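If you're wondering where the values come from, they're calculated on a predicted model, not measured in any experiment.
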Amino acid sequence: QVQLVESGGGLVQAGGSLRLSCAASGRTFSVYAMGWFHQAPGKEREFVAAINWSGSRTDYADSVKGRFTISRDNAKNTVYLQMNSLKPEDTALYYCAARRSLNYAYGQDEYDYWGQGTQVTVSS
């Protein structure tokens, strides 16, 4: 069992930055691939970024490539999402997810544990 707690969301102006954190409980964090998803009002939850167990491989949605960076610190049981050059369309509830696999996936159904989410609001 893994419990995930996100933090770092907030209100920011367009062009600004935020760093989201996701702290995981448990001693086996390093064997989980991790992902970030977001859900805007009235829309489906969508893939944002993912990282494999060691941090050696990452991938991003086209909409955030070059602006967002996912990373992890297995010693701290934490995964991060650095978000730069934020746009109003990035406004959403951001979720952290853990997958019982060394490698990540893109579909939300392939993740086993979810956090409660942290709100990101980008004003124009």
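Q82 CD to R19 CZ: the interatomic distance, rounded to the nearest 0.5 Å, is 6.5 Å. Between atom CG of residue L102 and atom CZ of residue R57 there is a gap of 11.0 Å, rounded to the nearest 0.5 Å.
Counting non-hydrogen atoms of neighbouring residues, nucleotides and ligands closer than 6.0 angstrom, the CD atom of Q119 exceeds 12 such neighbours.
Pairing each heavy atom of N77 with each of S25, the nearest pair is ND2-C, 4.4 Å. L93 and G117 get closest at one heavy-atom pair: CD1-C, 3.9 Å. Minimum interatomic distance between V12 and G16 (heavy atoms only, all atoms of both residues): CG2-CA, 3.9 Å.
Of the possible donor and acceptor atoms, none in the side chain of E6 sits under 3.5 Å from a partner among the backbone N and O of Y95. Not a single donor-acceptor pair under 3.5 Å links the side chain of N84 to the backbone N or O of S17. In this structure, the side chain of T118 engages the main chain of G9 through a donor-acceptor pair within 3.5 Å. S124 places no side-chain N or O within 3.5 Å of a backbone atom of P88 that could act as its donor or acceptor partner. With N74 contributing its side chain and W53 its backbone, the two residues share a donor-acceptor pair below 3.5 Å.
By the 6.0 Å and 45° rule, R100 does not stack over the aromatic ring of Y32.
For the pair V120 and H38, the minimum side-chain heavy-atom distance is 4.5 Å or more. Contact of the V48 side chain with the F68 side chain is registered, since non-hydrogen atoms from C-beta on lie closer than 4.5 Å. Using a 4.5 Å cut-off on side-chain heavy atoms (C-beta onward), W114 and Q3 make no contact. Under the 4.5 Å side-chain criterion, counting only non-hydrogen atoms from C-beta, L20 is in contact with M83. Taking the side chain as every heavy atom from C-beta outward, L18 and L86 approach each other to under 4.5 Å. Taking 4.5 Å as the limit, some side-chain heavy atom of V79 sits within range of a side-chain heavy atom of I70.
Sorted by first and then second residue, the salt bridge (Lys or Arg N to Asp or Glu O under 4.0 Å) pairs with a member in residues 63-91 read D62-K65, R67-D90; sequence neighbours excluded. Residue pairs meeting the disulfide bond (SG atoms under 2.5 Å apart) criterion with at least one partner in residues 67-103, sequence neighbours excluded, are C22-C96. Sequence neighbours left out, not one pair with a member in residues 29-60 passes disulfide bond (SG atoms under 2.5 Å apart).
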Candidate pair T69 and L81, rule side chain to side chain contact (heavy atoms under 4.5 Å, CB included), full reasoning: CA-CA 6 Å; T69 303; L81 186 68; over 6 Å; no
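No single ILVMFWY cluster, assembled from side-chain heavy atoms under 4.5 Å apart, contains both M34 and Y80.
Taking a cutoff of 4.0 Å between a charged side-chain nitrogen and a carboxylate oxygen, R99 and D112 do not qualify as a salt bridge.
Among Y111, Y106, Y94, Y104, the one residue that satisfies the ring pair (Phe, Tyr, Trp, His ring centres under 6.0 Å) test with F37 is Y111.
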